Novice: 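Dropping a structure here in structure tokens format, bear with me for questions.
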Amino acid sequence: MMRHLISAADLTRDEAVLILDTAEEMARVSDRPIKKLPALRGRTVCNLFFEDSTRTRISFEAAEKRLSADVINFAAKGSSVSKGESLKDTAQTLEAMGVDAVVIRHGASGAPYRLANSGWIDAPVINAGDGTHQHPTQALLDAFTMRRRLIGPDAGIGQDLSGKRVTVVGDILHSRVARSNVDLLHTLGAEVTLVAPPTLLPVGMDSWPCEVSYDLDAVLPKSDAVMMLRVQRERMNAAFFPTEREYSRRYGLDGDRMAKMPEHAIVMHPGPMVRGMEITAEVADSPRCTVVEQVANGVHTRMAVLYLLLGGNEPAVTHARTEEGK
């Protein structure tokens, strides 16, 4: 494994499959009454969050604690950052405290890369989302969820997503989740189609390894997984579509549109959902929707990433069997 996880595009096919297989082992550990492994005992991990977060921050914290790591939670609000402290000074403070790994979320694209390659801190850096750039662990947990649902937990071991057709719908322009998923799903062999209004697609899409469509109804019958994205109003400084009602009518997923999907197809959403906009309550609460499953799988996937970047040389399953024998 590489030293840092900054971008989904940095992962090879074998590295991505190794993370997914390790996450499968972590999921089995999580099914036991005692969910802890001693893999990171004595290690300190800092969650460095400069942006608001619920799922990602709690998910990383749960993953770190299940691996027996000591956890430091840092929030920019209420810290010296609000007084003007730079990322460099914050990083050097953590280095002085002997932190063994840093999980960073930042509003500026490229901040995790800068932290990992600046020499300010000598510890693995995991990107938990930077601006509109990347969110690699979200892409990994999405791929893990797809593999479990479309192939199976046991049948999926060692497998990628070759031949699977994934449709990503919504605010592609502002979405780090979309960029990460396109990169990782392409690496894993899946065929990706992006569906959005022209105003919510980034410039330079020709270089992306995916197809682009403006017609959601035409794409749905051929999709194995449909991922709905929230319209990120907090990143918008202009009107990108006329009204919410028109956006929902053309690009929202309701019961009628879900009925056009193949029977085995699943509906995904990275959260938080805006019910009634990109997804209706009927779809969000249906058995085909994997939103809650994705949250659970996020803990397993992040455990796998932390274990492989920080843990020992032995396979994760060895730790699991050792614990079961106690």
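This one's a predicted model, so the numbers in the text were calculated from it and none came from an experiment.
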Novice: Which distance, rounded to the nearest 0.5 Å, do you find between the OG of Ser223 and the CZ of Arg165?
Specialist: 7.5 Å
Novice: If I compare all heavy atoms of Pro136 with all of Ser7, which pair ends up nearest, and what's the gap?
Specialist: CB-C, 4.1 Å
Novice: Between Leu185 and Leu161, is there a side-chain heavy-atom distance shorter than 4.5 Å?
Specialist: yes
Novice: Rounded to the nearest 0.5 Å, what's the gap from CG on Asp89 to CG on Leu94? Could you check?
Specialist: 11.0 Å
Novice: Please confirm whether the backbone N or O of Asp122 pairs with a side-chain atom of Glu95, one donor and one acceptor, at under 3.5 Å?
Specialist: yes
Novice: Are side-chain heavy atoms of Glu61 and Asn47 found at a separation under 4.5 Å?
Specialist: yes
Novice: Has Ser53 got a side-chain atom pairing as donor or acceptor with Arg57's backbone, closer than 3.5 angstrom?
Specialist: yes
Novice: Do the non-hydrogen side-chain atoms of Val291 and Met273 ever get within less than 4.5 Å of each other?
Specialist: yes
Novice: Could you walk me through whether His264 and Asp224 pass side chain to side chain donor-acceptor pair (under 3.5 Å), step by step?
Specialist: CA-CA 7 Å; His264 68 275; Asp224 296 304; 2.6 Å; yes
Novice: Looking at Glu51 and Arg176, is any side-chain nitrogen of the basic one under 4.0 Å from a carboxylate oxygen of the acidic one?
Specialist: yes
Novice: Check this for me: does any side-chain nitrogen of one of Asp70 and Arg43 sit under 4.0 Å from a carboxylate oxygen of the other?
Specialist: no
Novice: Could you state the interatomic distance from CG (Leu20) to CD (Glu24), rounded to the nearest 0.5 Å?
Specialist: 9.0 Å
Novice: Is it the case that the side chain of Ser180 and the backbone of His135 share a donor-acceptor pair, with hydrogens and angles ignored and the cut-off at 3.5 Å?
Specialist: yes
Novice: State, with a plain yes or no, whether a side-chain heavy atom of Val305 is found less than 4.5 Å away from one of Tyr307.
Specialist: no
Novice: Please say yes or no: joined through hydrophobic side-chain contacts below 4.5 Å, possibly via intermediate residues, are Leu141 and Ile19 part of one cluster?
Specialist: no
Novice: When rounded to the nearest 0.5 angstrom, what is the spacing between OG1 in Thr167 and CD in Glu191?
Specialist: 10.0 Å
Novice: Please work out which of the three classes, parallel, tilted or perpendicular, describes the rings of His300 and Phe144, given edges at 30° and 60°.
Specialist: perpendicular
Novice: Please report the C-alpha distance between Thr12 and Asp14 in whole Å, then the side-chain angles of each, then the deciding distance to 0.1 Å, and finally whether the side chain to side chain donor-acceptor pair (under 3.5 Å) criterion is met.
Specialist: CA-CA 5 Å; Thr12 64; Asp14 289 343; 5.5 Å; no
Novice: Which value, rounded to the nearest 0.5 Å, describes the distance between Arg66 atom CZ and Leu40 atom CG?
Specialist: 14.0 Å
Novice: Do Ser213 and Asp215 have side-chain atoms, one donor and one acceptor, less than 3.5 Å apart?
Specialist: no
Novice: Salt bridge check, Glu293 against Arg149: does any charged N sit closer than 4.0 Å to a carboxylate O?
Specialist: yes
Novice: How far apart are the C-alpha atoms of Glu278 and Leu253, what are their side-chain angles, what is the distance that settles it, and do they pass the side-chain contact (heavy atoms from CB on, under 4.5 Å) test?
Specialist: CA-CA 6 Å; Glu278 74 270 8; Leu253 188 63; over 6 Å; no
Novice: Could you check whether atom CD of Gln92 has more than 12 heavy atoms from other residues, nucleotides or ligands sitting under 6.0 Å from it?
Specialist: yes
Novice: Closest approach of Gly255 and Thr280, non-hydrogen atoms and distance?
Specialist: N-OG1, 4.2 Å
Novice: Do you know the tightest heavy-atom contact between Ala91 and Ile121?
Specialist: O-CD1, 4.0 Å
Novice: Would you indicate whether Arg245, at its atom CZ, is surrounded by more than 12 heavy atoms from other residues, nucleotides or ligands within a distance under 6.0 Å?
Specialist: no
Novice: Check whether any side-chain heavy atom of Ile104 sits under 4.5 Å from a side-chain heavy atom of Val125, and report yes or no.
Specialist: yes
Novice: Can you list the steps and then say if Thr90 with Trp120 is a side-chain contact (heavy atoms from CB on, under 4.5 Å)?
Specialist: CA-CA 9 Å; Thr90 303; Trp120 298 337; over 6 Å; no
Novice: Strictly below 4.0 Å, N to O, side chains only: are Asp171 and Arg230 in salt-bridge contact?
Specialist: no
Novice: Answer yes or no: does atom NE2 of His4 have more than 12 heavy-atom neighbours from other residues, nucleotides or ligands under 6.0 Å?
Specialist: yes
Novice: When you measure from the side chain of Asp100 to the backbone of Thr44, do you find a donor-acceptor pair of N or O atoms at a distance under 3.5 Å?
Specialist: yes
Novice: Thr145 vs Asn297, test: side chain to side chain donor-acceptor pair (under 3.5 Å). Steps then yes/no.
Specialist: CA-CA 7 Å; Thr145 303; Asn297 290 340; 2.9 Å; yes
Novice: Going hydrophobic residue to hydrophobic residue with side-chain gaps under 4.5 angstrom, can you get from Leu229 over to Met277?
Specialist: yes
Novice: Are Val29 and Leu308 grouped together when hydrophobic residues (ILVMFWY) are joined by side-chain heavy atoms under 4.5 angstrom apart?
Specialist: yes
Novice: Checking side-chain contact (heavy atoms from CB on, under 4.5 Å) for the pair Asp142/Val166: CA distance, chi angles, key distance, verdict?
Specialist: CA-CA 11 Å; Asp142 290 338; Val166 182; over 6 Å; no
Novice: So, the side chain of Arg179 versus the backbone of Leu173: is there a donor-acceptor pair under 3.5 Å, distance only?
Specialist: yes
Novice: Do NZ/NE/NH1/NH2 and the carboxylate oxygens of Asp254 and Arg249 come within less than 4.0 Å?
Specialist: no
Novice: Look at Arg275 together with Asp285 and state whether they make a salt bridge at an N to O cut-off of under 4.0 Å.
Specialist: yes
Novice: With side-chain contact (heavy atoms from CB on, under 4.5 Å) as the test, would you mind laying out the steps for Val103 and Val45 before giving the verdict?
Specialist: CA-CA 7 Å; Val103 177; Val45 181; 4.1 Å; yes
Novice: Look up atom CG in Leu216 and atom OH in Tyr251, then write down how far apart they are to the nearest 0.5 Å.
Specialist: 8.5 Å
Novice: Determine the sole option in Arg147, Arg28, Arg148 for which the salt bridge (Lys or Arg N to Asp or Glu O under 4.0 Å) test with Asp154 is passed.
Specialist: Arg28
Novice: Are Tyr214 and Met228 connected into the same hydrophobic cluster when the rule is that any two of I, L, V, M, F, W, Y join if their side-chain heavy atoms are below 4.5 Å apart?
Specialist: yes
Novice: For the pair Thr301 (side chain) and Gly298 (backbone), establish whether a donor and an acceptor sit closer than 3.5 Å, ignoring hydrogens and angles.
Specialist: no
Novice: Under the criterion side chain to side chain donor-acceptor pair (under 3.5 Å), I'd like the reasoning laid out for Asn181 against Gln138: C-alpha separation, chi angles, the key distance, then a yes or no.
Specialist: CA-CA 8 Å; Asn181 266 292; Gln138 179 68 45; over 6 Å; no
Novice: Tell me, do Pro209 and Val182 make a side-chain contact under 4.5 Å, heavy atoms counted?
Specialist: yes
Novice: According to a 4.5 Å side-chain heavy-atom criterion applied to Ile, Leu, Val, Met, Phe, Trp and Tyr, with indirect links allowed, do Val71 and Leu310 form part of one hydrophobic cluster?
Specialist: no
Novice: If I compare all heavy atoms of Met227 with all of Pro270, which pair ends up nearest, and what's the gap?
Specialist: CG-CD, 4.3 Å
Novice: What do you reckon, is CZ of Arg250 surrounded by more than 12 foreign heavy atoms closer than 6.0 Å?
Specialist: no
Novice: Check whether Phe49 forms a cation-pi arrangement with Arg105 (NZ or CZ under 6.0 Å from the six-membered ring centre, at most 45° off the ring normal).
Specialist: no
Novice: Between Ser68 and Leu37 (side chain of the first, backbone of the second, donor and acceptor by atom type, cut-off under 3.5 Å), is there such a pair?
Specialist: yes
Novice: Quick one: closest heavy-atom pair of Glu64 and Leu306, and the distance?
Specialist: CG-CD1, 3.5 Å
Novice: Measuring only between side-chain heavy atoms, which start at C-beta, is Leu115 closer than 4.5 Å to Val102?
Specialist: yes
Novice: Trp208 versus Pro202: any side-chain heavy-atom pair under 4.5 Å?
Specialist: yes
Novice: If every non-hydrogen atom of Ser59 is compared with every non-hydrogen atom of Val299, which pair is closest and at what distance?
Specialist: OG-N, 3.4 Å
